[in-house]
Amino acid sequence: EQEYADTVIKGFPDGIRETVAKARHMPSIVLEAPLVGDVIDPTDEGEVGAGSTDVGDVSWITPTVQVHTTCWPFGIPGHSWGITSTGAMSIGHKGMIQAAKAMAITAAELYTNPDELAKAQAEFKERLDGRTYVTPIPEGVMPPAPQKPRA
């Protein structure tokens, strides 16, 4: 897996991973091997990352968690052939299993420890600071009905 990930890295311009690490304020350990195997402390407290996901809507209604695991070599461009090639093999599968385990453990901890759940809910309320979610989709809008294929 490390060897394959190194081959993927070599398919991108030199220095791209270093540029990404610097922009994301990541420690140099993320560049020491093709695949990161260590737990890295968060480096983005208070920052808003680029990208989109449906969890953005959900996160206005309830506390959410996001876990990043190694599913491809750190620093290669998103939505690229390199991510596709590693995500569809054991590298991606192992990373997703680890993320699922971390999220399940977190859910179990909150379920069995009401004090931790109350802290999460209080932090959520504090961060919202009275703001509420307003969907950008006008009321009454329905998705288009599927069309029959033409013969």
Side-chain angles (χ1 to χ4, degrees), residues 1-111 120-121 123-129 131-150:
E1 290 174 342
Q2 291 285 356
E3 187 177 308
Y4 181 75
D6 191 51
T7 301
V8 170
I9 290 167
K10 289 175 181 167
F12 291 92
D14 289 342
I16 194 164
R17 297 175 73 229
E18 292 78 5
T19 300
V20 171
K22 183 177 180 183
R24 294 190 183 164
H25 315 291
M26 297 297 285
S28 61
I29 194 170
V30 299
L31 303 172
E32 291 177 2
L35 298 171
V36 179
D38 296 311
V39 175
I40 308 294
D41 289 332
T43 61
D44 60 352
E45 178 71 28
E47 293 183 19
V48 176
S52 64
T53 171
D54 293 346
V55 79
D57 295 295
V58 175
S59 70
W60 277 92
I61 299 164
T62 187
T64 58
V65 62
Q66 188 167 0
V67 178
H68 295 266
T69 59
T70 300
C71 294
W72 58 79
F74 174 82
I76 63 171
H79 306 285
S80 69
W81 67 267
I83 289 178
T84 300
S85 70
T86 54
M89 63 178 292
S90 59
I91 295 170
H93 298 167
K94 287 177 182 177
M96 294 311 297
I97 294 288
Q98 290 303 317
K101 287 178 180 179
M103 292 169 72
I105 290 168
T106 300
E109 181 67 24
L110 292 173
Y111 184 76
Q121 291 169 328
E123 179 184 344
F124 175 72
K125 185 176 180 180
E126 179 183 325
R127 285 181 182 244
L128 282 179
D129 194 28
R131 294 173 293 160
T132 57
Y133 176 73
V134 178
T135 179
I137 301 171
E139 190 162 332
V141 171
M142 298 297 291
Q147 301 295 313
K148 289 183 179 180
R150 293 183 182 182

Heavy-atom pair with the smallest gap, counting every atom of [X] and [Y]:
X   : Y   : value
A33 : Q2  : CB-OE1, 3.9 Å
V20 : G75 : CG2-O, 3.6 Å
T43 : M26 : OG1-SD, 3.4 Å
S85 : V8  : OG-CG2, 3.8 Å
I83 : G78 : CD1-CA, 3.4 Å
S80 : P77 : OG-O, 2.7 Å

Once rounded to the nearest 0.5 Å, what's the spacing between atom [atom1] of [X] and atom [atom2] of [Y]?
X    : Y    : atom1 : atom2 : result
E126 : E123 : CD    : CD    : 7.0 Å
C71  : K94  : SG    : NZ    : 12.0 Å
D6   : K10  : CG    : NZ    : 4.0 Å
W60  : T132 : CH2   : OG1   : 7.5 Å

Aromatic ring pairing F12/W81, orientation class (parallel under 30°, perpendicular over 60°, tilted between):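 Correct class here is parallel.
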
Residue M89 excluded, over 12 heavy atoms near CE under 6.0 Å: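 For M89, atom CE is crowded (more than 12 foreign heavy atoms under 6.0 Å).
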
Over 12 non-hydrogen atoms of neighbours within 6.0 angstrom of CD in E3: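 It does not: E3 CD has 12 such atoms or fewer within range.
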
Residue of the set L35, I91, T70 for which side-chain contact (heavy atoms from CB on, under 4.5 Å) holds with T86: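 Single pass found, and it is I91.
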
Among T69, I29, L31, V30, the one residue meeting side-chain contact (heavy atoms from CB on, under 4.5 Å) with V36: V30

Minimum side-chain heavy-atom gap F124-T64 below 4.5 Å: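 Sidechains of T64 and F124: no contact.
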
Sidechain-backbone polar pair: R17 side chain, F74 backbone, donor-acceptor under 3.5 Å: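 Yes.
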
Salt bridge E18-K22, side-chain N to carboxylate O under 4.0 Å: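 Salt bridge absent between E18 and K22.
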
